[in-house]
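These notes concern the structure reproduced below.
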Amino acid sequence: MDFEMVMQELEALGKERMKKMYIGNGAHEPLFGVATGAMKPIAKKIKKNQPLAEQLYATGNYDAMYFAGIIADPMIMTEADFERWMDGAYFYMLSDYVVAVTLSEADIAQDVADKWIASGEELRMSAGWSCYCWLLGNRPDTEFSSSKMAIMLEQVKNTIHDSPERTKSAMNNFLYTVGISYLPLHDKAVETAKAVGPVEVKRDKKKSSILLASENIQKEMDRGKLGFKRKYVRC
């Protein structure tokens, strides 16, 4: 399938209800409003195709950009490619659920995510923390330095309440993910989450959300999910 065919198929799958929901979360035109599950049959036909992914991502169309993440080949993407994708990620559903997810399947994931966390830019920081959530929830614990993860937990404890809104949300998710998916620091994550307490995330034109990682960790433990790892990161 070429670029034109994919764009036509995505447009045909668009639903007004989904479009409104995406716009409510921060997307803007152009977009079609395609449910992510509806993209799977097209993705199966294409599998990985980096040149096509680049064409789709460059459109600025939210649905095309999301689909680009599904068919991208992270192992051949360079740091410059991921930086370019982040430059185009204008709201959190792109930064955290397209770029960060794609990065998490690359060998350079931790190096790039570390730079983003240190960048001071809200969505880059959010993508960096989110990338670690995808990594920790999928890869073996042995792939991570427990001393580095402990330092990151301390960073969350000391900075989360003063961080930008989307970054707060990703940092809170990092706390939760370490608590459930990274067994070497489970106890430290629980202790840190309790020390952090409730995190208020303010949202444009919506009521603030109150996030409580300690409560979410306990809920997942009660469900027997301690040590949970996803089989796949991308759909």
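Only this structure's heavy atoms are used, side chains among them; waters, hydrogens and symmetry mates stay out. All residue numbers refer to positions in the sequence shown, counting from 1.
In this structure, Ser119 contributes its side chain and Trp116 its backbone to a donor-acceptor pair below 3.5 Å. Between the Tyr90 side chain and the His28 main chain, a donor and an acceptor come within less than 3.5 Å of each other. With hydrogens and angles disregarded, a donor-acceptor distance shorter than 3.5 Å links the side chain of Lys168 to the backbone of Glu200. Ser181 places a side-chain N or O within 3.5 Å of a backbone atom of Phe228 that can act as its donor or acceptor partner. Judged by distance alone, the side chain of His161 and the main-chain N or O of Val196 form a donor-acceptor pair under 3.5 Å. The main-chain N or O of Ser104 is found under 3.5 Å from a side-chain atom of Arg139 such that the two form a donor-acceptor pair.
Within the model, atoms CD1 of Ile217 and NZ of Lys225 stand 15.5 Å from one another, a figure rounded to the nearest 0.5 Å. For the atom pair NZ of Lys157 and CD1 of Ile160, the computed distance is 12.5 Å after rounding to the nearest 0.5 Å. Here Thr78 contributes atom OG1 and Ile108 contributes atom CD1; the two are 6.5 Å apart, rounded to the nearest 0.5 Å.
At a threshold of 4.5 Å between non-hydrogen side-chain atoms, the residues Tyr92 and Glu122 do not count as touching. Using a 4.5 Å cut-off on side-chain heavy atoms (C-beta onward), Trp85 and Leu103 make no contact. Using a 4.5 Å cut-off on side-chain heavy atoms (C-beta onward), Ser95 and Met86 make contact. Side-chain atoms of Met7 and Asp63, non-hydrogen and from C-beta on, never get closer than 4.5 Å to each other. Counting only heavy atoms from C-beta outward, the side chains of Leu211 and Ser169 approach each other to under 4.5 Å. A 4.5 Å side-chain heavy-atom check between Asn49 and Met1 finds every atom pair outside the cut-off. Within the 4.5 Å cutoff, no side-chain heavy atoms of Tyr132 are placed close to those of Thr177. Counting heavy atoms from C-beta on, the side chains of Glu105 and Trp134 never come closer than 4.5 Å.
Salt-bridge annotation for Arg166 and Glu121: absent, with no side-chain N of the basic residue lying under 4.0 Å from a carboxylate O of the acidic one. Under a 4.0 Å N-O distance rule, the pair Glu191/Lys194 does not qualify as a salt bridge. A salt bridge does not link Lys115 with Glu83: none of the charged nitrogens is closer than 4.0 Å to a carboxylate oxygen. A salt bridge links Lys229 with Asp141; the closest basic N to acidic carboxylate O contact falls under 4.0 Å. Look at Asp81 and Arg84 and you find a salt bridge, because one of the NZ, NE, NH1 or NH2 atoms lies within 4.0 Å of a carboxylate O, short of that distance. Of the charged side-chain nitrogens involved, at least one lies within less than 4.0 Å of a carboxylate oxygen, so that Glu9 and Lys45 count as a salt-bridged pair.
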Between Met65 and Val98, is the side-chain contact (heavy atoms from CB on, under 4.5 Å) condition met? List the steps. CA-CA 8 Å; Met65 294 169 87; Val98 177; 5.6 Å; no
Working note: Val34 + Phe67, criterion side-chain contact (heavy atoms from CB on, under 4.5 Å); need CA distance, chi angles, decisive distance, verdict. CA-CA 10 Å; Val34 184; Phe67 188 71; over 6 Å; no
Starting from the C-alpha separation in whole Å, work towards a yes-or-no answer on side-chain contact (heavy atoms from CB on, under 4.5 Å) for Val156 and Trp129. CA-CA 10 Å; Val156 170; Trp129 288 107; 3.6 Å; yes
What verdict does the side-chain contact (heavy atoms from CB on, under 4.5 Å) test give for Leu185 and Thr192, after you've listed the backbone C-alpha separation in whole Å, the side-chain angles of each residue and the deciding distance to 0.1 Å? CA-CA 10 Å; Leu185 290 181; Thr192 307; over 6 Å; no
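Residue-environment remark: NZ (Lys148) exceeds the threshold of 12 foreign heavy atoms within 6.0 Å.
When every heavy atom of Ala89 is checked against every heavy atom of Leu123, the shortest pair comes out as O-CD1, 3.5 Å. The two residues Cys133 and Arg230 come nearest to each other via the heavy atoms O-NH1, 4.4 Å.
No hydrogens or angles considered: a donor-acceptor pair under 3.5 Å links the side chains of Asp222 and Gln218. Side-chain atoms of Glu54 and Gln50 form a donor-acceptor pair, as typed in the model, at a separation below 3.5 Å.
There is no path of hydrophobic side-chain contacts, each under 4.5 Å, that joins Val233 to Tyr182. In the hydrophobic cluster analysis, where Ile, Leu, Val, Met, Phe, Trp and Tyr join through side-chain heavy atoms closer than 4.5 angstrom, Met152 is grouped apart from Tyr176. No continuous path of hydrophobic side-chain contacts links Met171 to Phe91 [ILVMFWY only; heavy atoms under 4.5 Å]. Both Leu10 and Ile71 are assigned to one and the same hydrophobic cluster, defined by single-linkage of ILVMFWY side chains at heavy-atom distances under 4.5 Å.
If you run ring pair (Phe, Tyr, Trp, His ring centres under 6.0 Å) between Tyr22 and each of Tyr97, Tyr66, Tyr62, only Tyr62 comes through.
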